[in-house]
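Notes to accompany the following structure.
Every chain is numbered from 1 and lettered A, B, ... according to where its sequence line falls, protein lines coming before strand lines.
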Amino acid sequence: MTTPSSNTLVKLTGVRKSYFSGKVETPVLHGIDFTMQPGDFVAIMGQSGSGKSTLMNILGCLDTPTSGEHQLDGHTVNKLSRAELAGLRNRTLGFVFQSFNLLKRMSVLDNVALPLLYANVPRAKARERARAQLAKVGLTDYANRQPNQLSGGQQQRVAIARALVADPPLILADEPTGNLDTRTSTDIMNALTELNRDRGQSIILVTHEPDIAAYAKRLVRLKDGLVLYDGPVREGLAQLQRDTQDNAAQETAQGAPA
Amino acid sequence: MKFTQIWAESFRAMLANPMRTMLTMLGIIIGIASVVLMLAVGDGIKAFINKQLAVLGSNLVLVQADSRKAVGARLKTGTVQTMTLDDAAAINRLPSVSGAAPMLTTFSQISFGNDNTNNQVQGTTPVAFRIRNLRLAKGIALSDEDVATAARVAVLGKKVAEQLFYKADPINQRIRIDNQSFQVIGVLDNEGQSFDAGDIGEVVMVPISTARVTLVRTPTPRSVQYIIAQSKTTEGLNEMVADISDLIRDRHRIRADDQDDFRVVNFGEFAKSGEAIATGLSIALGFVGAISLVVGGIGIMNIMLVSVTERTREIGIRMAIGARPADVLWQFLIEAVSICLVSGIIGITLSAALAAAITSTGKFDLTIGVKAVMIATIFSCAIGVFFGFYPARRASKLQPVECLRHE
Ligand SMILES: Nc1ncnc2c1ncn2[C@@H]1O[C@H](COP(=O)(O)OP(=O)(O)OP(=O)(O)O)[C@@H](O)[C@H]1O
Ligand SMILES: [Mg+2]
């Protein structure tokens, strides 16, 4: 039971997370179980404050659960030191953030090459691989620009290139299209979908928009720190739609007498 | 991450905010420049003191009678033994001695025409010119023949010549010393304090034999007031003092259990204490410079702390993509050290330029020594490590999530 099948990429068992301000405990995740096989494409949805980002931070080894076990790529994350965690993130994870999080004052190319430098790849080699990765997201011409000279969509593509450059088994994307318009969001989602389809790239994505979640294979819905739904994306979205309609109906019913 | 990469990153960070980097560096630049300059000033003072001492000849001792110590049988006989010409000649023959000159001095009125002045007159031999490093601005020095014939000739100190003759040429002019006529044969070029006669520029030198017959009354026809002797080497100075003591004790027939009736004043010791003063001064000045360095270092720490706070998000991003705590620590530490090193180089260059400017005025010689440069470099690195460590460690201890939440 304790050892995950060699195939399992991520396994969360009874993960709880509370934030503490002084002695006041604010529980956010109330026991999450989650398993993911390589090649899966998971969308996480839920209302604002339901704990999506909190969960993503734990999945990304950026934060530690208050209790519960976290397995990633065969490692028990809870047991690793800070330095080991850094290595694990470097090898196993690629991050795409809502606010892009590119490093200013550094060229686009150097941004993309950075994960390789932390993996001790020689600079010339790292830049070469970064250039190839930039070509894949269609930004070869922008290699020597500064990030702030690029549009939001372009910056997010740079971030995707950076997430992919070290060839990590898992991409974590917290609202990657949150700051982008519909056209650009579609581009980004097409790029991610292609990666998943053509290379079997595992992806976990957080979004508020059903249209975006529809690109995924599997949907996880969170509500108040608990998993409300975990299954195929089509059924999940249908259920979500029903729930929203029910809510709307309830609100109208409540609002009618007034 | 590789070290060279971390260096590159640090330099990038420095260049990213050039104004702030410059202001930070300014503190260290001033600190390093002042340390280097202060050390140079210290060395300059040391050199200046040594030069002053060298003007008057180095490795010199003065031997004089010390009647206070002359006790016992010899006092009872009533003979107070003084130094004599023969003592001087005997000292001169010692293998450790490069030269010894007997001296008879007095204070006399020197006049030329209607001008007169009171000065010290030293009766001596040509050896004195050599061992005291006396050079002539004009004319010639005293000769052995002058001494042998008690010639009425005089060599004037520079200032005496100016006082009596203004711009005119004193050579071959006749002056009066205590109303005795002397012919001026030379004028000294030296300036500065001598150990036995004040300013060497205010001294008049005559043959010792002439002084004895015209100016100074002596207890015996061969006695002298004191003898100056020079050792062949600096290292041999103490040995020479011992040789002279043994010789004079022997010549004065002092029994083994009796005290000396003379004393040997070692001017090497004075030189040493001069050097000690200069060293003390160097240390004091270096300390002043070091204080400004510490102030500069605190400036660095301040800026690095601001920089860590400002770049918290960057640290979070770096950690997310694989920076280990050690990588973050090194990045900030190297940044601090780089700032200090570059500042150090600029500071050294600046102080070298200043030193060159000061030296070119000709008033004071300032040379930036290798030692000062090395001290400054090591110091600036140490400042960087010392004041950079705390902010760097703080950055490395940050949690990735918290960093990423930081605006
Ligand atoms: N550092 C923190 N300290 C205290 N409470 C926090 C902290 N971060 C998040 N929370 C709380 O935890 C809950 C879940 O936050 P989380 O950011 O995970 O929500 P989310 O699902 O990502 O919301 P959104 O859709 O708005 O991004 C919220 O109630 C939030 O106020
Ligand atoms: Mg969120």
- Note: A:S99 and B:R313 closest approach over all heavy atoms is OG-NH2, 3.0 Å
- Among residues 41-66 of chain A, which residues come closer than 4.5 Å to chain B, judged by heavy atom distances? A:N57, A:L62, A:D63
- Mind listing the closest non-hydrogen atom pair of A:R82 and B:M319 along with its distance? NH2-CE, 3.8 Å
- Query: At a heavy-atom separation under 4.5 Å, does B:Q399 approach chain A through its side chain, its backbone, both, or neither?
  - Reply: both
- Over all heavy atoms of both residues, which pair between A:N90 and B:I321 is shortest? Give the atoms and the distance, please. ND2-O, 2.8 Å
- Message: Counting heavy-atom pairs under 4.5 Å with chain B, which one of A:S81, A:G94, A:P115 comes out on top?
- Response: A:P115
- Item | Pairwise distance CZ(A:R105) to CZ(B:R311) - rounded to 0.5 angstrom | 5.0 Å
- Item | B:A323 versus chain A, the contacting section by heavy-atom distance below 4.5 Å | both
- For A:Y19, does the OH atom have more than 12 heavy-atom neighbours from other residues, nucleotides or ligands under 6.0 Å away? yes
- Note on the structure: In this structure, CG of A:N120 is separated from CG of B:D327 (nearest 0.5 Å) by 8.0 Å
- Item | Within 6.0 Å of CZ in B:R394, more than 12 heavy atoms from elsewhere | no
- Task: Give, as side chain, backbone, both or neither, the part of A:R91 having an atom under 4.5 angstrom from any heavy atom of chain B.
- Result: neither
- Bottom line for B:L404: the part with an atom under 4.5 Å from chain A's heavy atoms is side chain
- Note on the structure: Nearest heavy-atom approach of A:F95 to B:A320 is CE1-O, 3.2 Å
